[in-house]
Amino acid sequence: MPELAEVAYSCSLWNEGLGIQIDQVITNPTSRVYRNENRKEFIQNLQGQTLSSSFTHGKQMLFSFTGNCWMGIHLGMTGSLAIEEKEYEPQKHDALLFRQPSQILVFRDPRQFGRLRLHLGKNKPKWWNDLPTSMLDKNFHSEILSNALSRHARRPIKALLLDQRYFPGMGNWMADEVLWRAKLKPSNLSGGISKIDEGRLFKQILFVVNGAIKSVGKYGGDPPTGWLFHTRWKDGLLCPKTKNPLIREQIGGRTTCWCPSLQK
DNA sequence: ATACCTGTTTCCCG
DNA sequence: CCGGGAAACAGGTA
């Protein structure tokens with residue numbers, strides 16, 4: 001269920017394993033989450049090491065281990081992290097397990113759109129350092145939005161918000177939430193957004209990102225009451241603001257929920 | 001059965 | 001070469 005806030009929460013679950021040695025590494029022999037990585041290297045390099053720190057950036061997670069090892073996790077569409085009891089038996093879709101003395105850290109992903117990567121070296125991997133400015137960073141300025149809007153003038157604004165090069169961590173429900181709050185129709189072309197609308201849009205990006213981190217990111221579960229999130233997949237589908245019917249349609253390749261009487 | 005799905009990559013088109 | 005859109009990936013759920 002992973003957008004930036006769920007990723008932050010997932011990552012925090014594994015923090016129980018920080019500072020503890022990993023006695024055994026178990027890799028799923030068939031899961032696609034390994035992509036081009038070599039499973040043996042996970043075992044050879046991580047077994048016996050201690051999980052030393054964790055980081056998130058948008059939908060990306062990075063873990064560091066003693067012995068100059070790093071591991072990246074992307075949760076894809078259905079990935080999740082969990083802590084299980086030490087008696088736990090690996091299940092079909094468990095992609096990676098770290099056995100510690102009193103618990104097991106699990107990364108599972110039934111649909112296998114997630115991704116694991118290993119990096120050896122003193123410093124963080126290049127792919128991590130190359131990530132775009134985080135939406136939680138003070139350097140995430142409105143210029144990033146204006147540049148994206150002008151560069152992709154022919155893309156629907158909904159599709160642009162999902163572009164991880166500009167808005168790392170933004171996912172389908174967050175983008176709908178942002179556009180609903182900014183009162184913008186998701187199919188509007190990016191190039192046609194006025195400066196006034198752009199200002200509102202930027203503010204709502206910050207509002208949704210920070211609000212999600214404070215709620216979902218901290219405690220898991222759902223965003224606060226009153227957010228569009230709670231109505232977006234339910235039938236009946238009334239806008240929390242206008243009480244008018246919501247619409248679901250395919251925009252930018254993704255199902256999009258919006259309120260025609262509110263968003264222009 | 002059928003049609004979904006909080007994501008990314010690849011391929012094809014203009 | 002670029003930007004945009006569709007398809008593909010795979011399994012669980014309604």
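In this structure, A:Arg117 is not positioned above the aromatic face of A:Trp128 in the sense of NZ or CZ being under 6.0 Å from the six-membered ring centre and within 45° of the axis.
Phosphate proximity of C:dC9 to A:Gln112: absent, as no side-chain N or O sits under 4.0 Å from OP1 or OP2. In this structure, A:Thr78 does not reach the C:dG11 phosphate: none of its side-chain N or O atoms is under 4.0 Å from OP1 or OP2.
The salt bridge (charged side-chain N to carboxylate O under 4.0 Å, His left out) pairs that include a residue from residues 135-158 of chain A are A:Arg155-A:Asp163, A:Lys158-A:Asp176, where partners are two or more places apart or lie in different chains. Screening residues 192-206 of chain A for salt bridge (charged side-chain N to carboxylate O under 4.0 Å, His left out) gives A:Lys195-A:Glu198, A:Asp197-A:Arg200 as the qualifying pairs, with residues at least two apart or on separate chains.
For A:Phe98 and A:Phe42, the ring centers are positioned 6.0 Å apart or more. You'll find the ring centres of A:Trp70 and A:Phe63 outside the 6.0 Å limit. Remark: aromatic rings of A:Phe202 and A:His141 are distant, center separation not under 6.0 Å.
Transitive grouping of hydrophobic side chains (ILVMFWY, heavy atoms separated by less than 4.5 Å) keeps A:Leu105 and A:Leu97 in distinct clusters.
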Write out a two-atom table: protein N or O, nucleotide N or O from nucleotides 12-14 of chain C, distance below 3.5 Å.
from: C:dG12; atom 1: OP1; to: A:His93; atom 2: NE2; distance (Å): 2.8

Return the polar atom pairs (N/O with N/O) between nucleotides 8-13 of chain B and the protein under 3.5 Å, or none.
from: B:dT8; atom 1: OP1; to: A:His74; atom 2: NE2; distance (Å): 2.9
from: B:dT8; atom 1: OP2; to: A:Lys59; atom 2: NZ; distance (Å): 3.0

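Under the 4.5 Å side-chain criterion, counting only non-hydrogen atoms from C-beta, A:Leu179 is not in contact with A:Trp258. Under the 4.5 Å side-chain criterion, counting only non-hydrogen atoms from C-beta, A:Thr231 is not in contact with A:Leu238.
Salt bridge A:Arg99/A:Asp23: absent, no basic N to carboxylate O contact under 4.0 Å.
Note: CZ (A:Arg248) to P (B:dT6) measures 11 Å, nearest angstrom. In this structure, CE of A:Met61 is placed 18 Å from P of B:dT6, rounded to the nearest angstrom. Atom-to-atom, CG of A:Leu161 to P of B:dT6 comes out at 15 Å; the value is rounded to the nearest Å. Distance, A:Leu75 CG to B:dG7 C1': 11 Å, rounded to whole Å.
Under a 3.5 Å cut-off, the side chain of A:Glu3 and the backbone N or O of A:Trp173 do form a donor-acceptor pair.
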What would the secondary structure line of DNA chain B be in dot-bracket form, counting Watson-Crick and G-U wobble pairs under 3.5 Å, with [ ] for pairs that cross earlier ones and | for pairs with another strand? .||||.||||||||
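Within a 6.0 Å radius of NZ in A:Lys124, more than 12 heavy atoms belonging to other residues, nucleotides or ligands are found.
Rounded to whole Å, the C1' atom of C:dC9 lies 22 Å from the corresponding atom of B:dA1. Taking atom C1' on both B:dT6 and C:dG4, the two are 23 Å apart, rounded to the nearest angstrom.
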Using a 4.0 Å heavy-atom cut-off to protein, can you give one letter per nucleotide of nucleotides 2-7 of chain C, 5' to 3': B if the base is in contact, S if only the sugar-phosphate is, - if neither? -SSS--
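Donor-acceptor pairing under 3.5 Å is recorded for the side chains of A:Thr78 and A:Asp109.
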